[in-house]
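Contents: one structure, followed by commentary.
First the proteins, then the strands, lettered A, B, ... as listed; each starts at 1. This is a predicted model, so every value here is computed, not measured.
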Amino acid sequence: MLKKLLSATALVALTTPAFAGGHLSWEQMTEKAQNEEGEVTWFVWYFEDRFREFTQQFTDATGIKVIIPDGDHSTNIDKMIAESGRETGDIDVLAYGVDMLPTIDNALFMSLANLPEDAGRISDLVGIDGGDVALAYWGNQTGIAYDPAKIADEDLPQTPEDFAAFWTANPGAMGFNYENGGSGPSFYMNILRTLSDVDFNDGETSPEKLAGIDGGIAFFNEHAENYEITASNADSLTRLSNGEFTMVAAWEDHMAGLQNIGEIRDDLKFYIPEMGMFGGGNYVSIPKNAPHPAAAQLFVDWLTSAEVQTMFNQQFGTAPMHAEADDSAALVSNAMRERQMPWAKKPFRDAVEERFIEDVIQER
Amino acid sequence: MIALHQLNRGLMIALILICALWLAIPFTYAVLWSLVDPAEPWTPDNLLPPVMSFYRWEFAWQNSLLQPALLNSYTLAPTAAVMTLILATPTAFALGRYDFPGKETAKLVALLPLVVPGFVTAIFFTSLLYQLGLAQYRFFAILLAHCILFLPFAIRILTVSFEQVRQDHIDAARDLGAHPFARFQVAYWPALKPGVMATLLIVFIQSIEEFAIAYIVGQPGFVTVPTLLYSSLGQDFNRPNAAVLSLILLVPNVILMLILERFLKSANPALASGKG
Amino acid sequence: MRLGRTATILLLLTPGIGLIVFFIGAVIYIAIAQSFGYYNLLGESGYSLEFWETLTGRKAYARSVRYSLYVGFWSAILSVALAYPLALWLRKPFTGSLTVSAILKAPLLVHGIVAAFLFLNVISFHGILNQFMVWTGIFDEPRRLQNDDNAIGLLFLQVWKNMPFALLLLTGAVQAISDDVLHAAQDLGAGAWARFRKVIAPLSVSAMQAALIIIFIGALADFTFQTTIGPTNRQSLAQYMTFFKERGRWNDAAVVGVTLMALSLVGAIVLAAAARLIFRGRLR
């Protein structure tokens, strides 16, 4: 018993300095990151190729190599949770959508309190408080991408009734996805939300609550002939750009990002309908067992700085996640951004998705 | 006879024409897509991309995971091929040289990995790895899974080879006082060689192509050629970048095909019939 | 001595068949156990029929079973049906036959995903196929051909990818049939179809069975083709299983996984038996 206790104390004593980097000043941390660690592994589930190019600036400035593996959103998070028992994991910095934070045990993350004071950083997005473990680095918004050559701004549908009228008048001219990306789900969920009085902001789910969206389900089935289901976020935008559609559900940042690399036409436009669509952003956190904790903190500091957030806005069309960043390159005006709705809460959201697949998609 | 000759010629021209259409058109498209410059997208109203450059090629080589994917796949596949051969040989020896009750059942059981779909194996193998806390050893996990998945091919082919080893050759070699190694060399090796080569080649190709295990077990962080292709060509593809990757990865495939063709000519029966 | 021999054989079988039994056995065991509520990664474990009951009541489940069977069955049948005439044609070497066989086998080494991607480019709304059809006047306007509801595009790609494999298996079997047998049948006045039905097919039935089964199982469990070019209003079983796995719902994934295994086994047996029954007139 005594032996066990002793070894346990020894273990605590040994491991404490590892994640109590707080004893180091920021200069010491920088020194450690550059001289001892020299690299940082960032797990992010989209635009990996372009982030590899973008983070070269961080490497040029600090000499710290940034490694970005390919991986899905959910598998990245699963990996972090699965290896939380190991003393040293593989992940230095983990990116994830804000709505995932409540589903992850926050005790697995290191405190970010040691980062230099910067009041402009954002750690509370769409009502999900990141506390001192998560910082927003990416702001995004779902909405409708449209081809201005085919529809005038004043004719854009704003409510479920408008959409129904548009579908009836222009069969097959609008498409959205129900899997492989969140833009389509945001679209149909906001229609369902507007057509019911169910609280989508409350994650609780029950058969009675799910029955509350019956009206919206009937709405989609009634007009099934006149809208198209696409394969993914990217499929929607590619087909819009090629002239197959007039409107598709899309992500603002995804669309701007594709326009900037010449993948889709840059005369396409984007709006958020008055009924509102989901928006939010992504957080980064550092797992407690990060192999390069000092470099990870340096990287997060850089990623969430006003300069990088301004560059993200210019190159990827994100909503900047820093109070002092410039957001002039965004696709929507700040007035329109008022229409942002917070994402429906899980597990109710999962239940709605499953019901939509079962009662709308399977009926097609 | 002349009619047959003409028929063959006609059929062949038709076939080559169809294949040219099937191969040439899509690949021309791919080449054009890969040359689209970021300055201007290529929309259907233009016959050719408005601005062309090699930007995508440089970008893909520098910023995609192409290099680690090639390294991983071409380390994994030969290792899996050799390991599968080593694992299969004793079993094939037993099945090919001994008679014992239950031999037919054993041969059937050896086909089990072919009956369980790859995705089922992948998902529940991952589940098993998580339960055992071994999920971080991705390379070895995938290697092991590949060996087991492709054992049926190896066992089948090698069993046939061992059956073809002639007992009188072994006896003759022994009677002449040959050492075990010399006996192996003269009596076993000539019969085994095509089978061994076929096994190595088949496992190699299967492993290079395998997607389910590499995707489910390897995610995130371990990338092979098929998983890289899926992440850049699958559901969320970026057409120009995907075109570049497709074209680059054709090169090893064409080389492999040349080897396979050469090889099939020499080892056709053992490979083609697949009968035990 | 007998004991020693048994021990030797068992020892020899261990690294091959032993490993297979252990590994695949574990996979099957975990899948079945998880489908009944055991081995939960999170939360409580315990016997429960709940997962089977809810899932089998779903339209999505029933549809996914029917759809995967459809894809598996037609991929296998069409690939083999197309491979036979080609195998017969290439039975005897002729000038250029090597080139032909190389071209036919090319798809074996083109990654399925690459093929799907190239195919998508060709059939897209403004792709070359649509433009050609509009130009010739067959279509009045471009049509939506990608992700078609009947999975025609998907079946086309499945056959494209699998036919060479069937060809590889059948060529060997067909080449093993001696000319004498074929000439004898011809002399007795058998037409081309009768020769195939009565001589060629019965003599190559094991290769045919192998091709049918392997293609059937592969197509039944298809994931990559389905997610890129398959219909968007239904999911294949592998896709459905991944859908659950991504949401951490291992028990539901297990129900689909067990279904998939059962269907592979039953489907394989049915196809093998049918081929034998049709072409040999008996089961054994």
With side chain to side chain contact (heavy atoms under 4.5 Å, CB included) as the test, would you mind laying out the steps for B:L229 and C:F117 before giving the verdict?
-> CA-CA 10 Å; B:L229 281 172; C:F117 165 71; over 6 Å; no

Pair C:T224-B:Y215, side chain to side chain contact (heavy atoms under 4.5 Å, CB included): steps then yes or no = CA-CA 11 Å; C:T224 38; B:Y215 177 65; over 6 Å; no

Would C:V21 and B:V109 satisfy side chain to side chain contact (heavy atoms under 4.5 Å, CB included), going step by step from the backbone distance to the final call?
-> CA-CA 8 Å; C:V21 169; B:V109 170; 3.5 Å; yes

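Interface residue B:L11: backbone and side-chain heavy atoms are both found under 4.5 Å from chain C. Looking at B:A212, neither its backbone nor its side chain comes within 4.5 Å of chain C, counting heavy atoms on both sides. For a residue to count as touching a neighbouring chain, one of its non-hydrogen atoms must lie under 4.5 Å from one of that chain's; by this rule B:F211 touches chain C with the side chain only.
Taking the six-membered ring wherever Trp is involved, the centroid distance between the rings of B:Y230 and C:F223 falls below 6.0 Å. Taking the ring centroids of B:F124 and C:Y29, they lie at or beyond the 6.0 Å cut-off.
No donor-acceptor pair closer than 3.5 Å links the side chain of B:Y98 to the backbone N or O of C:T8. In this structure a side-chain-to-backbone donor-acceptor pair under 3.5 Å is present from B:T91 to C:L12.
C:I20 is listed as a side-chain neighbour of B:I155, based on a closest heavy-atom distance under 4.5 Å. Using a 4.5 Å heavy-atom cutoff, the side chains of C:L19 and B:L87 are in contact. Here the side chains of C:F22 and B:I148 are not in contact, with every heavy-atom distance at 4.5 Å or above.
No other option in C:A268, C:P15, C:A221, C:A253 has as many heavy-atom pairs under 4.5 Å with chain B as C:P15. Taking C:K245, C:M241, C:Q131 one by one and counting their heavy-atom pairs under 4.5 Å with chain B, the maximum is reached by C:M241. Your options are C:L265, C:I128, C:L237, and the one with the most heavy-atom pairs under 4.5 Å with chain B is C:I128.
Atom CZ of B:F100 has more than 12 neighbouring heavy atoms from other residues, nucleotides or ligands inside a 6.0 Å radius.
Rounding to the nearest 0.5 angstrom, the gap separating the CD1 atom in C:I213 from the CG atom in B:L114 is 9.5 Å. Remark: B:K103 NZ to C:L13 CG distance equals 10.5 Å, nearest 0.5 Å. Going from atom CD1 of C:I24 over to atom CG of B:L111 covers 11.5 Å, rounded to the nearest 0.5 Å. To the nearest 0.5 angstrom, C:R5 atom CZ is 7.5 Å from B:D99 atom CG.
In this structure, C:L118 and B:A30 approach most closely via the heavy-atom pair CD2-CB, 3.8 Å. The nearest pair of heavy atoms linking B:L128 to C:A26 is CD2-CB, 4.4 Å.
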